Undergrad: 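Pasting in a structure now, in structure tokens, and then I'll have a few things to ask.
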Amino acid sequence: MDQPPPLPSSEDTGSAGAKPQKPFWRRLLGWLMLPFRLIGYAALITVTAAFAFVFSSEPLGLCRSNGPGLTCSSDIWQSLADLGLSIMLLSVFTGLPLILAFAGLIFLSLDFARWLHRRKN
């Protein structure tokens with residue numbers, strides 16, 4: 001009787017030098033995490049820009065403080081100041097933008113570490 005052919009092992013990569021393919025569930029998990037990653041990046045950029053504008057508008061002379069808000073000379077600067085204050089107050093009182101921005105920071109650090117690892121190898 002003939003013996004059946006040996007089953008492929010996890011060490012067998014097929015051709016020499018080819019990387020083994022990731023399992024299906026790992027590739028699917030990467031695609032499912034993509035929207036969360038993009039939302040986290042967008043929240044990180046938005047919250048950082050809002051806080052930076054609110055805290056730098058008065059020293060730069062774009063706006064001046066009038067108690068709880070900012071008063072600007074231009075309509076464009078006033079709308080940016082209102083948007084920045086809205087995002088800042090929403091972040092402080094609900095925490096949702098800060099949580100999403102923190103998730104974006106975690107994704108960014110993981111992607112940076114992965115990039116450094118690939119560059120090193």
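Numbering starts at 1 and runs along the sequence shown. In this text the structure is predicted, and so the values were computed from the model without any measurement.
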Undergrad: Identify the two heavy atoms, one from Pro97 and one from Ser91, that lie closest to each other, and give their separation to 0.1 Å.
TA: CB-OG, 3.3 Å
Undergrad: Kindly determine whether Asp111 and Arg37 satisfy side-chain contact (heavy atoms from CB on, under 4.5 Å), including the steps that lead there.
TA: CA-CA 10 Å; Asp111 287 343; Arg37 183 180 308 266; 2.6 Å; yes
Undergrad: Is Phe53 close to Trp77 at the side-chain level, that is, under 4.5 Å between some pair of heavy atoms?
TA: yes
Undergrad: Please say whether more than 12 non-hydrogen atoms of neighbouring residues, nucleotides or ligands are located less than 6.0 Å from CG in Asn66.
TA: yes
Undergrad: If Ile, Leu, Val, Met, Phe, Trp and Tyr residues are connected whenever their side-chain heavy atoms lie under 4.5 Å apart, and connections chain through other members, are Trp31 and Leu38 in the same group?
TA: yes
Undergrad: Between Ser79 (side chain) and Ile76 (backbone), is there a donor-acceptor pair under 3.5 Å?
TA: yes
Undergrad: Answer yes or no: are there more than 12 heavy-atom neighbours, outside Phe102 itself, under 6.0 Å from its atom CZ?
TA: no
Undergrad: Could you grab the distance from atom CG of Leu80 to atom OG of Ser74, nearest 0.5 Å is fine?
TA: 9.0 Å
Undergrad: Cluster question for you: counting only ILVMFWY and a side-chain heavy-atom cut-off of under 4.5 Å, with indirect links fine, are Leu29 and Phe107 together?
TA: yes
Undergrad: Hydrophobic cluster membership, with links at side-chain heavy-atom distances under 4.5 Å among I/L/V/M/F/W/Y: are Phe55 and Ile87 in one?
TA: yes
Undergrad: Out of curiosity, does Leu44 fall in the hydrophobic cluster containing Met33 (side-chain heavy atoms, cut-off under 4.5 Å, transitive links)?
TA: yes
Undergrad: Would you say that Phe112 contacts His117 through its side chain, given a criterion of any heavy-atom pair below 4.5 Å between the two side chains?
TA: no
Undergrad: Apply the test side-chain contact (heavy atoms from CB on, under 4.5 Å) to residues Trp115 and Lys120: give CA-CA distance (whole Å), side-chain angles for both, the deciding distance (0.1 Å), then the verdict.
TA: CA-CA 9 Å; Trp115 177 77; Lys120 182 179 157 185; over 6 Å; no
Undergrad: Before giving the answer on side-chain contact (heavy atoms from CB on, under 4.5 Å), spell out for Cys63 and Glu58 the whole-Å C-alpha distance, their side-chain angles and the decisive distance to 0.1 Å.
TA: CA-CA 5 Å; Cys63 302; Glu58 193 171 354; 5.8 Å; no
Undergrad: Looking at OG of Ser73 and CG of Leu62, how far apart are the two atoms once the value is rounded to the nearest 0.5 Å?
TA: 8.0 Å
Undergrad: Quick one: closest heavy-atom pair of Leu70 and Ser57, and the distance?
TA: CD1-OG, 3.6 Å
Undergrad: For the pair Thr48 (side chain) and Ile45 (backbone), establish whether a donor and an acceptor sit closer than 3.5 Å, ignoring hydrogens and angles.
TA: no
Undergrad: Would you say Val47 and Tyr41 are hydrophobically clustered, going by side-chain heavy atoms of ILVMFWY under 4.5 Å?
TA: no
Undergrad: Do Leu100 and Ile39 come close enough that some side-chain heavy atom pair is under 4.5 Å?
TA: yes
